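Predicted, not measured: the structure shown is a model, and the values here were computed from it.
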Amino acid sequence: HLQLVESGGGLAQPGGSLRLSCAVSGYTLDYNGIAWFRQAPGKDREGVSCLSITENSTYYADSVKGRFTISRGNTKTTVFLQMNDLKPEDTGVYYCATSLTHIVPSHPFVPLIYDDWGQGTQVTVSS
């Protein structure tokens, strides 16, 4: 299993930006996809963005397209989520997760395909 630790959450004003980081560690950094999910109070967990290592492709929820960008460092140890033009509806706990399964482009955010999850970092967007 991999260990994932998220950081970078906090309070931001509407229109502001935050950059989340996910540090990945383990005996072997063996994953084919990594994604960010979020969960708002009283709502189901939803996929936000996904990076397919094998396809070198990125995927975004419609609600964040054009505002969020997923990227990774030079190695597979760190993945980032740059969040711009934040809105109150972006509030929630953000989790990163890794998958050994090849990401299916039509369904990149199926939680069951993700094997390891971090503990989450809180993002609050409020004036």
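- With values rounded to the nearest 0.5 angstrom, Arg19 atom CZ is found 10.0 Å from Ser7 atom OG.
- The cluster map of Ile, Leu, Val, Met, Phe, Trp and Tyr, joined by side-chain heavy atoms under 4.5 Å apart, puts Val64 and Val123 in the same cluster.
- Nearest heavy atom pair, residue Thr121 against residue Leu20, reads CG2-CD2, 4.0 Å.
- Relative ring orientation between Phe37 and Tyr114 is described as perpendicular, the plane-to-plane angle rising above 60° on a 0-90° scale split at 30° and 60°.
- The salt bridge (charged side-chain N to carboxylate O under 4.0 Å, His left out) search around Lys65 returns Asp62, not counting sequence neighbours.
- For the atom pair Tyr59 OH and Ser49 OG, the distance stands at 11.0 Å (nearest 0.5 Å).
- Checked by atom type and distance alone, the side chain of Ser57 pairs as donor or acceptor with a backbone atom of Glu55 at under 3.5 Å.
- With rounding to the nearest 0.5 Å, the separation of CD in Gln13 from OG1 in Thr124 is 13.0 Å.
- Applying the 4.5 Å side-chain rule to ILVMFWY residues, one finds that Phe80 remains a lone member of its cluster.
- Ile103 and Ile34 fall into different hydrophobic clusters, where Ile, Leu, Val, Met, Phe, Trp and Tyr are joined by side-chain heavy atoms under 4.5 Å apart, directly or via other members.
- When all heavy atoms of Arg67 and Leu86 are compared, the closest pair comes out as NH1-CA, 3.9 Å.
- Val24 and Val48 fall within the same hydrophobic cluster, where Ile, Leu, Val, Met, Phe, Trp and Tyr residues are linked whenever their side-chain heavy atoms come under 4.5 Å apart, directly or through other members.
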Atom pairs and distances, side-chain donor-acceptor, residues 91-100, under 3.5 Å, sequence neighbours left out:
| residue | atom | partner | partner atom | Å |
| --- | --- | --- | --- | --- |
| Thr91 | OG1 | Pro88 | O | 2.9 |
| Thr91 | OG1 | Val125 | N | 2.9 |
| Tyr94 | OH | Arg38 | NH1 | 3.0 |
| Tyr94 | OH | Asp90 | O | 2.6 |
| Ser99 | OG | Thr101 | N | 3.0 |
| Ser99 | OG | Thr101 | O | 3.2 |
| Ser99 | OG | Ile113 | O | 2.7 |

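- There is no side-chain donor-acceptor pair under 3.5 Å between Asn32 and Thr54.
- Arg72 pairs with exactly one of Thr77, Thr78, Ile53 by the side-chain contact (heavy atoms from CB on, under 4.5 Å) rule, that one being Ile53.
- Side-chain atoms of Gln119 do not come within 3.5 Å of backbone N or O of Glu6 as any donor-acceptor pair.
- Cluster annotation: Phe109 and Leu51 are assigned to distinct hydrophobic clusters (Ile/Leu/Val/Met/Phe/Trp/Tyr, side-chain heavy-atom contacts under 4.5 Å, transitive).
- Contact record, Ser17 with Gln82: CB-NE2, 4.0 Å, taken as the closest heavy-atom pair.
- Closest heavy-atom contact between Pro14 and Ser127: CD-N, 3.7 Å.
- Both Leu18 and Tyr60 are part of a single hydrophobic cluster, where members link through side-chain heavy atoms under 4.5 Å apart.
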Verdict with supporting geometry, Trp36 and Val79, side-chain contact (heavy atoms from CB on, under 4.5 Å)
CA-CA 9 Å; Trp36 288 93; Val79 175; 3.9 Å; yes
